[in-house]
Amino acid sequence: MIRHDFSRVDSKRRANLDYKKKQFAKPEFKQQDYEYRLNFYILPPTAEITLEQFETWAINRLKVLSELEACSFRNRTPEETAEYMTSILNKYLPLRSNSSRGQNLQEERKKDHYSHFILRLAFSATEDLRRRFSRLETMLFRLRFKDDDLRERREFVSSLKLEWEEVGEDEKREFGSELAAVSGARNEEEQEWFKVDWERVPELVEQRRVFLKRGKAYVMQREQMSLVVAEFTKRLDEALELTAKALPRLDEDDRLAPILAHLSQSFTAPDAAYSSSDAAIDGLSTPTADSIDAVSQHFPLCMQNLHMTLRANSHLKHFGRLQYTLFLKGIGLSLDDCIIFWRRSFKLMADDKFNKEYKYNIRHAYGDVGGDANRRGRGYTPYSCQKLLTEPLPGPGQSHGCPYRAFTQDNLVALLQRTGINDRDLLKTVREDVGKQRYHVACNRVFEHAHKREIKKVKDDGSWSAVDLDTIVHPNTYFKRSWLLKHLGEGNVGMVGGGEKMEE
Amino acid sequence: MPHSVSPDGSQADSQPIKCEPDTQSQDVTMSDAPSPAKAEKTNVNLEDLFDDEDSDPEFSSSVPGVKSEEEPPHPEPIKITSRSSFSDPEIMRAFYQRLFPFRYLFQWLNHSPSPTNDFAHREFAFTLQNDAYLRYQSFPTADLLRKQCIQLLPSRFELGPVYSTNPRDRKTMRKASAFRPLAKELVFDIDMTDYDDIRTCCTGASICHKCWAFITMAIKVVDVALREDFGFKHIMWVYSGRRGAHAWVCDKRAREMDDSKRRAVAGYLELLKGGDQGGKKVNARRPLHPHLERSLNILKEHFQTSILLEQDPWVEEKAAHLLQLLPDQKLKEALQKKWDSSPSRPSALKWSDIDNVAKSGALSKGSKDLLEAKQDIVLEYTYPRLDAEVSKKLNHLLKSPFVVHPGTGRVCVPIDTRKVEEFDPLSVPTVTQLLTEIDEWEGDDRDKQLADWEKTSLKPYIDYFRGFVGRLLKEERGGVKREREETGDAMEF
Ligand SMILES: [Zn+2]
């Protein structure tokens with residue numbers, strides 16, 4: 001049996017000592033009683049759980065959070081997300097209301113409570129992890145808050161004793177017309193209003209759903225969810241900061257440290273941002289206009305498609321050119337070589353036309369020309385999968401975007417076969433993936449298949465960490481990882497991490 | 001008394017400057033300019049720098065004890081001829097040496113008498129004469145910033161955020177997260193480009209008094225919202241040098257906002273939606289939010305004069321857009337008929353036609369829809385059009401106040417919001433004009449040591465800036481005291 005003292009993660013040392021004294025005064029750790037389904041996770045767990053529970057519960061919660069993240073990644077609406085998450089939540093982290101008359105309410109809530117705190121420990125080490133954890137926990141909380149039993153939710157909220165200043169009758173009268181305008185309601189007397197610093201409800205401010213007066217936001221009762229969720233996030237962020245500070249001091253049970261490390265590692269998929277480190281690849285000589293054909297075998301399908309289309313037609317339409325130019329820029333092709341590359345590729349075009357109509361766009365994409373903002377940012381950032389997956393679908397004659405999304409299944413399979421992917425089981429699974437709109441899953445699946453042997457090798461010899469092999473969410477990451485894997489033992493051992501994040 | 005420049009670059013120790021734009025790299029990082037002699041520790045007595053805000057002896061030659069070596073004791077006069085252009089290196093050098101208010105800029109950004117990281121970790125980005133762009137510059141003191149400007153003669157420079165570490169050291173950080181933006185003023189950018197679809201008096205880069213009214217309206221509406229609604233006090237508006245204005249909200253509370261809060265403020269102030277495809281850009285919820293109600297009241301008057309009379313936006317075939325914005329088919333047809341017979345009818349009359357025709361029975365639905373549509377139209381033609389992206393990001397750069405606009409030569413001077421209607425962008429001094437004014441100064445400056453800028457028409461603007469900075473510093477100092485008192489208890493354990 002294992003007892004982990006979460007309460008040590010607390011900045012108020014003195015209060016903490018008292019708390020502990022009280023706890024130690026009793027020989028038995030008290031089983032906490034969970035009156036409500038929802039939890040702000042203020043009190044750390046105190047009872048004992050088994051090592052197995054510790055790990056299983058954490059992994060289950062992690063599964064839920066990952067799926068939530070995938071939802072936002074795929075740009076699902078809140079409604080779609082709620083629908084998609086229902087079965088996942090029921091399977092991994094069920095949490096029913098009192099009115100459901102479920103048998104194991106206390107057990108469910110205990111698991112929810114403990115798993116939250118375990119992950120809090122695992123994900124407090126770096127700011128990136130904290131931010132992500134907080135964002136996903138907030139999503140989870142909001143999801144549950146929305147579908148909670150109304151009466152229980154009200155009781156839960158009042159149990160929080162949030163310090164919201166109630167707006168008195170005098171003030172309600174003073175700002176009567178303003179408040180009425182915000183609420184849109186006729187019977188103003190009925191409405192209850194709270195007053196908070198506007199920074200606590202940025203979402204409501206953004207949508208002008210509060211009345212603002214000298215830095216205070218007047219929030220009506222029915223906007224409560226925003227307030228509660230914002231409060232949840234705020235407290236979690238603060239708690240995570242404290243956990244991070246306390247982390248080195250935790251006299252960790254030896255058996256926990258590896259589990260926590262493993263948990264946080266399996267969570268470190270990068271956000272869908274382009275990292276400039278994707279450009280600098282050890283051992284790869286700077287690509288030139290002449291070498292693009294050769295390195296294009298390492299390109300993700302979206303870029304291979306553009307490359308093949310370009311070779312077939314000696315032309316690409318605007319958005320395809322832009323997408324491809326930025327990708328090439330991202331793999332390190334210089335502006336001069338990029339211009340040469342396009343000039344030669346547009347075989348049928350006269351110099352004059354090329355210089356007049358195309359060259360400028362390439363230079364603009366590189367930030368060589370254009371306004372301050374463009375040059376300052378070195379042109380545009382290479383597109384991420386998220387960008388490609390959320391842009392409008394390509395129209396007739398266009399070939400940009402993500403083929404997993406834009407192509408019919410038959411055409412997609414034909415395209416994959418042209419790039420040398422013939423495994424029938426794989427193609428079948430890819431069909432299933434895209435059928436469920438899991439485009440990036442399909443793309444990663446193809447990558448893993450195409451680099452099966454190399455991935456096994458770097459896993460076995462431990463030269464690449466789990467982070468280095470995490471889900472690919474950027475075409476340039478795809479290229480970099482592919483190139484490195486196919487050139488193992490040539491002096492590069494997976495320099496995947498590091499580097500500054502590209503701004504904006 | 002002539003002022004000085006050293007036309008042939010008399011800095012004894014000027015280093016070769018490498019500042020070619022590096023097109024090979026995808027990184028936003030630009031090649032660094034040489035560090036402005038960081039090792040060169042100056043013994044600045046900072047109390048001297050800040051003690052008296054009112055007496056300002058010989059401002060342009062910095063402070064006692066840090067006499068800049070570049071300046072020869074007997075300055076040679078610069079010749080301003082009719083052919084002098086404001087981008088000449090000599091002109092820019094004279095500008096940075098004699099006119100630019102480095103000291104107040106330092107105080108403004110430093111928030112404290114003694115140098116703090118608020119200034120030292122602040123990013124400066126220089127645009128050089130050859131259009132090279134240097135990011136991540138930073139300076140421990142005002143004087144080192146000034147030296148760098150005199151050395152590089154940037155055509156302009158921008159201000160970024162205060163970072164967690166010195167921007168020049170960002171590459172030595174082991175973790176990328178150790179270098180992150182902490183604070184920056186909340187900024188707004190209003191540019192006439194965004195009004196091009198409703199501006200009839202000028203096009204492109206040019207402006208006149210008629211279209212400047214758009215900027216005046218925007219300033220009025222945004223300024224009052226920032227003060228009344230958000231409670232900000234230290235808001236400075238700055239002419240962008242050509243056809244727009246910037247706002248710098250400098251309250252501590254504003255500086256420390258993260259991106260989600262910046263996005264919230266920008267979203268709160270944003271109203272117009274949709275591109276140039278001719279659709280209705282304002283569809284405000286009813287009842288109008290108090291901020292919009294107040295804005296509408298401010299803008300109504302301007303609509304009558306600045307829009308209907310001066311812009312006259314619906315002459316000839318352009319009346320089609322007005323019709324498109326109206327709700328009632330029967331009314332539209334009646335108006336169409338009326339205007340087709342006299343297409344040159346001025347916009348003001350067409351506007352009043354709407355109600356008149358409606359009253360004469362051409363309205364199939366209630367008048368409430370029509371009233372609201374008309375309000376939306378007023379807002380579409382007058383409500384501020386912000387470049388919201390600038391405001392949403394903590395790490396966005398914005399051109400510094402008081403630099404010279406390279407296209408017009410005009411100095412980016414503050415706009416006094418108490419007299420915002422009187423501000424005339426076309427009479428803002430240009431750098432060449434200012435230098436001429438110094439040359440033509442005929443006052444007796446032997447017993448009263450006047451700084452060069454005090455001899456020019458830049459004076460009222462710098463005076464305004466000085467007052468603004470003084471009020472900000474006063475509040476910051478008060479804030480520090482309060483914080484100390486409040487944490488007093490906590491110190492016990
Ligand atoms: Zn004009």
Side-chain angles (χ1 to χ4, degrees), chain A residues 13-14 126-128 175 177-184 197-199 201-217 274-280 286 329-332 334-336 363 366-368 372-373 375-379 381-382 476 498-504, chain B residues 21-30 125 127 131 133 135 156 158 170-171 173-180 225 227-232 251 253 256-258 260-271 284-294 389-390 393 395-397 399 493:
Chain A
R13 305 290 292 275
R14 195 162 56 179
T126 72
E127 199 187 319
D128 280 350
F175 300 122
S177 60
E178 286 90 344
L179 295 179
V182 169
S183 74
D197 285 343
W198 75 263
E199 286 94 337
V201 286
E203 286 173 46
L204 295 179
V205 171
E206 187 171 356
Q207 298 162 36
R208 286 194 292 266
R209 273 159 47 203
V210 289
F211 168 57
L212 287 185
K213 188 75 191 168
R214 297 203 182 277
K216 291 283 183 200
Y274 168 68
S275 161
S276 56
S277 65
D278 283 330
T286 313
K329 174 176 117 168
I331 72 170
S334 71
L335 172 61
D336 289 345
R363 292 179 60 204
Y366 271 74
D368 190 47
D372 282 352
R375 282 180 294 143
R376 177 189 312 141
R378 318 241 68 198
T381 308
N476 287 83
E500 288 170 65
K501 278 265 171 77
M502 191 99 171
E503 281 175 311
E504 292 174 337
Chain B
D22 173 10
T23 50
Q24 305 273 332
S25 147
Q26 284 66 49
D27 203 327
V28 286
T29 308
M30 302 292 176
T127 304
D131 261 8
Y133 187 65
R135 281 202 57 182
R156 61 192 182 280
E158 294 169 317
R170 74 199 177 283
K171 281 185 173 165
M173 294 298 119
R174 277 185 62 240
K175 285 185 296 181
S177 60
F179 178 69
R180 63 199 151 81
R227 288 176 203 276
E228 288 295 314
D229 300 357
F230 290 94
F232 296 130
D251 300 59
R253 193 172 168 182
E256 291 174 347
M257 278 158 46
D258 60 20
S260 75
K261 299 189 182 76
R262 285 169 204 263
R263 201 168 53 237
V265 180
Y268 182 83
L269 295 173
E270 239 178 339
L271 179 64
R285 207 169 49 222
R286 296 300 191 290
L288 282 179
H289 184 275
H291 158 64
L292 295 179
E293 185 75 41
R294 176 189 53 209
E389 293 311 309
V390 175
K393 292 254 177 185
N395 60 2
H396 209 288
L397 295 145
K399 189 164 58 171
F493 71 92

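These figures come from a predicted structure and were not determined experimentally. The figures that follow rest on heavy atoms only: side chains count, while hydrogens, waters and symmetry mates do not. Convention: sequence-line order gives letters A, B, ...; per-chain numbering from 1.
Smallest separation of non-hydrogen atoms from B/Leu288 and A/Ala181: O-CB, 3.3 Å. Closest non-hydrogen pair, B/Ser260 versus A/Pro202, comes out as O-CB, 4.1 Å. Shown here for A/Ala180 and B/Pro287, the closest heavy-atom pair between the two residues is O-CG, 4.1 Å.
Applying the salt bridge (Lys or Arg N to Asp or Glu O under 4.0 Å) test to A/Glu178 and every residue at least two apart in sequence or in another chain returns nothing. Not counting sequence neighbours, B/Glu293 has no partner by the salt bridge (Lys or Arg N to Asp or Glu O under 4.0 Å) test.
Counting only distance, with no hydrogens or angles, the side chain of B/His289 and the backbone of A/Phe211 share no donor-acceptor pair below 3.5 Å. A/Arg208 contributes no side-chain N or O that, together with a main-chain N or O of B/Arg285, makes up a donor-acceptor pair within less than 3.5 Å.
The greatest number of non-hydrogen atom pairs below 4.5 Å with chain A, out of B/Lys261, B/His291, B/Arg253, is found for B/Arg253. Note on B/Leu269, B/Leu292, B/Asp258: by heavy-atom pairs under 4.5 Å with chain A, the leading option is B/Leu292.
Proximity to chain A is absent for every atom of B/Glu389, based on heavy atoms less than 4.5 angstrom apart. Of the atoms belonging to A/Glu203, not a single heavy atom falls under 4.5 Å from chain B.
Annotation: the span from A/Trp198 atom CH2 to B/Met257 atom CE amounts to 4.0 Å, rounded to 0.5 Å.
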